[in-house]
Amino acid sequence: MNELPGRRIAILVEKLYEDVELWYPFYRMRETGADVVLVGPKAGETYPSKHGYPAESTLASADADAAAFDAVIVPGGYAPDHMRRDPRMVGFVRDMDRSGKVVATICHAGWMLVSAGIVRGRRATSFHSIKDDLVAAGARYEDSAVVRDGNLVTSRHPDDLPVFCAAIIDAVSAARADRAWAAAK
């Protein structure tokens, strides 16, 4: 299943990430043929999940350039609260959105959208406990397994991972096709 060959996808990592919300998309995107890169505050640093499972970043957030990626995926858990304290991680998410690249968040990762200032007027979902944060930031909240608003893909919790990953794959494929079509004009 090489649906995304030649695509490059960043997955943000910080301590206390939700295990399945990082590893399920990581391996699913690799199955598509995409190059998947873990981006953390420091390159080569190991970040433990909520359950102690390690994830080693391969790229520092300071070196993450939106021009080099087709999508960014932000897992939930408690990690997004740590991620949003790093202005470079927040800036990377904002730059990805401004570039029209796919920005995908699940569960508590909606906090990164709030910190990046990119949800005002957009449809989104998240884990129910941060609904008020998204709404206060101007999002049009929907309680759905997955919500896609242009390049923004959001989901609620681990049970939604199959449709979340399918929506990411569709969004990356569509965005790449849109850029190719625009370049050919």
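Throughout, residue positions are numbered sequentially from 1 according to the sequence presented.
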Heavy-atom closest pair (Phe92 atom, Asp65 atom, distance to 0.1 Å) is CE1-C, 3.8 Å

Sorted by chain and number, sequence neighbours left out, side chain to side chain contact (heavy atoms under 4.5 Å, CB included) with Arg120 holds for none

Between Trp111 and Asp81, is there a side-chain donor-acceptor contact under 3.5 Å, judged purely by atom types and distance?
no

Distance col, row Asp149:CG vs Arg140:CZ, nearest 0.5 angstrom, shows 6.0 Å

Looking only at heavy atoms, the pair that brings Ala55 and Leu38 closest together is CB-CD1, 4.1 Å

dist Ser57:OG -> Glu14:CD (nearest 0.5 Å) comes out at 9.5 Å

Next item on the list: Kindly indicate whether the side chain of Arg122, heavy atoms from C-beta on, has any atom under 4.5 Å from the side chain of Asp97.
Entry: yes

Residues passing the side chain to side chain contact (heavy atoms under 4.5 Å, CB included) test with Thr154, sequence neighbours excluded, are Thr105, Leu113, Ala124, Thr125, Val147, Leu152

Heavy-atom closest pair (Pro75 atom, Met83 atom, distance to 0.1 Å) is CD-CE, 4.2 Å

Sequence neighbours excluded, the answer for ring pair (Phe, Tyr, Trp, His ring centres under 6.0 Å) partners of Phe26 is Trp23

How about Lys50: does its NZ atom have over 12 heavy atoms from other parts shown lying under 6.0 Å from it?
yes

Sequence neighbours excluded, the answer for side chain to side chain contact (heavy atoms under 4.5 Å, CB included) partners of Val90 is Arg84, Arg94, Met112, Ser115, Ala116

Hits for ring pair (Phe, Tyr, Trp, His ring centres under 6.0 Å) against Tyr24, two or more places apart or cross-chain, chain-then-number order -> none

To the nearest 0.5 Å, atom SG of Cys107 lies from atom CD1 of Ile130 at 7.5 Å

Walk me through it: do Val146 and Val153 pass the test side chain to side chain contact (heavy atoms under 4.5 Å, CB included)? CA-CA 7 Å; Val146 67; Val153 178; 3.8 Å; yes

With sequence neighbours left out, the residues meeting side chain to side chain contact (heavy atoms under 4.5 Å, CB included) with Glu56 are Thr46

Taken to the nearest 0.5 Å, the spacing of Leu12 CG from Met96 CE works out to 9.0 Å

d(Glu3 CD, Met29 CE) to nearest 0.5 Å is 8.5 Å

- Task: Find out if a path of hydrophobic residues (ILVMFWY) with successive side-chain heavy-atom gaps under 4.5 Å connects Ile73 to Val163.
- Result: yes

I'd like to know whether His128 forms a side chain to side chain contact (heavy atoms under 4.5 Å, CB included) with Asp143, so could you lay out the CA-CA distance, the side-chain angles of the two residues, the decisive distance to 0.1 Å, and finally the verdict. CA-CA 8 Å; His128 64 86; Asp143 183 15; over 6 Å; no

Taking every heavy atom of Phe69 against every heavy atom of Ala10, the minimum-distance pair comes out as CD2-N, 3.5 Å

### Message
Do Ser126 and His108 have side chains that approach each other closer than 4.5 Å (heavy atoms only, starting at C-beta)?
### Response
no

In this structure, CD1 of Ile9 is separated from CD1 of Ile168 (nearest 0.5 Å) by 7.5 Å

Residues Ala109 and Pro80: closest non-hydrogen pair is CA-CG, 3.5 Å

For Asn151 and Lys101 the tightest heavy-atom approach is ND2-O, 2.7 Å

Practice problem: Treat each ILVMFWY residue as a node, draw an edge where side-chain heavy atoms are under 4.5 Å apart, and state whether Phe164 and Phe127 are in one component. | Solution: no

**Asked** With a 4.5 Å heavy-atom cut-off, do Ser155 and Leu161 have their side chains touching?
**Response** no

Q. Is it true that Tyr78 and Met89 fall in one hydrophobic cluster, defined by side-chain heavy atoms closer than 4.5 Å?
A. no

Can you tell me if Glu18 uses its side chain to pair, donor with acceptor, with the backbone of Gly76 under 3.5 Å? no

